[in-house]
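Accompanying notes for the structure given below.
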Amino acid sequence: MVIYMGYSKQRESILQAVLASGLHPTADDVYVSLKPRDPNLSLGTVYRNLNYLESIGKIKKISLADHPDRFDGSLHEHQHMMCSGCGKVVDVDARFPGGAPHIQPPKGWIPEGYSLLFYGKCACCADQSDLRTP
């Protein structure tokens with residue numbers, strides 16, 4: 001159940017921070033970027049508003065095992081890749097022959113979507129690991 005929250009300047013600035021970032025920021029990233037301009041902003045407000053914006057379809061939440069959630073302002077269908085070295089998350093264009101992956105859901109379940117995360121090393125981390133190789 002989504003509870004409607006009226007317009008607020010802080011919510012708008014949080015949304016704009018995610019949309020302008022392009023880096024899939026965490027709640028902490030958004031908070032740090034906005035705090036200098038809004039000294040009254042709390043981390044709790046950022047979390048609440050990010051989750052609300054995700055619940056009404058303005059942004060996407062990227063849930064990562066053992067890492068903080070990231071937020072994405074790009075709503076078109078796409079996947080993500082996370083660097084196993086530094087944790088950076090980027091968009092990737094993953095193509096599936098014939099459309100979305102086919103699954104057979106358990107009896108009584110109705111699929112609503114899917115999320116697929118690829119792992120790898122970004123160019124910077126790959127270069128650093130090349131330096132450590134004898």
Side-chain angles (χ1 to χ4, degrees):
M1 178 172 134
V2 176
I3 297 173
Y4 174 73
M5 298 168 66
Y7 175 83
S8 83
K9 191 173 183 174
Q10 284 183 328
R11 184 172 312 111
E12 184 62 30
S13 65
I14 291 166
L15 174 60
Q16 292 308 315
V18 173
L19 295 176
S21 168
L23 298 176
H24 306 89
T26 64
D28 286 341
D29 295 334
V30 172
Y31 173 74
V32 168
S33 74
L34 295 176
K35 185 68 173 173
R37 291 181 294 201
D38 186 355
N40 295 322
L41 183 67
S42 72
L43 186 55
T45 296
V46 172
Y47 273 102
R48 258 189 318 281
N49 281 284
L50 286 170
N51 285 315
Y52 176 71
L53 290 165
E54 189 265 338
S55 75
I56 64 169
K58 295 286 186 181
I59 60 176
K60 287 184 180 181
K61 183 190 292 188
I62 307 166
S63 296
L64 307 168
D66 301 324
H67 295 277
D69 290 339
R70 303 293 187 102
F71 296 89
D72 191 349
S74 178
L75 299 179
H76 74 279
E77 190 60 44
H78 66 283
Q79 304 308 318
H80 298 96
M81 180 172 273
M82 186 175 101
C83 177
S84 58
C86 66
K88 179 180 181 178
V89 176
V90 296
D91 292 343
V92 295
D93 183 16
R95 298 177 193 257
F96 301 99
H102 177 75
I103 64 164
Q104 182 61 48
K107 184 176 180 180
W109 284 68
I110 300 171
E112 295 178 336
Y114 67 94
S115 175
L116 181 63
L117 178 67
F118 297 94
Y119 294 91
K121 285 218 183 332
C122 69
C124 183
C125 289
D127 287 346
Q128 288 177 0
S129 35
D130 286 346
L131 295 175
R132 290 182 284 212
T133 316

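Each residue takes its place number in the sequence, starting with 1.
- Using a 4.5 Å cut-off between side-chain heavy atoms of Ile, Leu, Val, Met, Phe, Trp and Tyr, with links allowed through other members, V32 and V18 fall into the same hydrophobic cluster.
- In this structure, D28 and Y47 have side chains that are in contact, with non-hydrogen atoms separated by less than 4.5 Å.
- When only modelled atom types and interatomic distance are considered, D38 and Q10 share a side-chain donor-acceptor pair under 3.5 Å.
- The two residues A27 and L43 make their nearest non-hydrogen contact at O-CD1, 4.1 Å.
- Between S33 and V30, the shortest heavy-atom contact is OG-O, 2.9 Å.
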| request: Just do the side-chain contact (heavy atoms from CB on, under 4.5 Å) check on L50 and K61 with the steps written out, would you? | output: CA-CA 8 Å; L50 286 170; K61 183 190 292 188; over 6 Å; no
| request: Could you go through the side-chain contact (heavy atoms from CB on, under 4.5 Å) check for N40 and T45 one step at a time? | output: CA-CA 10 Å; N40 295 322; T45 296; over 6 Å; no
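- Remark: side-chain polar atoms of S55 are paired, donor with acceptor, to backbone N or O of Y52 under 3.5 angstrom.
- C124 places none of its side-chain heavy atoms less than 4.5 Å from the side chain of C86.
- Taken to the nearest 0.5 Å, the CG atom of D91 stands 9.5 Å off from the CD atom of Q79.
- Here the side chain of R70 pairs no donor or acceptor atom with the backbone of I62 at under 3.5 angstrom.
- Legend: residues meeting side-chain hydrogen bond (donor to acceptor under 3.5 Å, both in side chains) with S84, ordered by chain and number and at least two apart, are K121.
- The CD atom of E12 sits 10.5 Å away from atom CG of N49, with the distance rounded to the nearest 0.5 Å.
- Residues L53 and I14 meet the side-chain proximity criterion, which asks for heavy atoms closer than 4.5 Å.
- A donor-acceptor pair is defined here as one N or O able to donate and one able to accept, closer than 3.5 Å; such a pair exists between the side chain of K35 and the backbone of L41.
- Residues in residues 54-77 take part in these ring pair (Phe, Tyr, Trp, His ring centres under 6.0 Å) pairs, two or more places apart or across chains: H76-H78.
- For L117, the side chain to side chain contact (heavy atoms under 4.5 Å, CB included) partners two or more places apart in sequence, or in a different chain, are L64, H80, M82, Y119.
- Criterion: ILVMFWY side-chain heavy atoms under 4.5 Å apart, direct or through other members. Under it, Y31 and L34 are part of a common hydrophobic cluster.
- Remark: L19 CG to I59 CD1 distance equals 8.0 Å, nearest 0.5 Å.
- Side-chain N/O atoms of D29 and H24 include no donor and acceptor closer than 3.5 Å.
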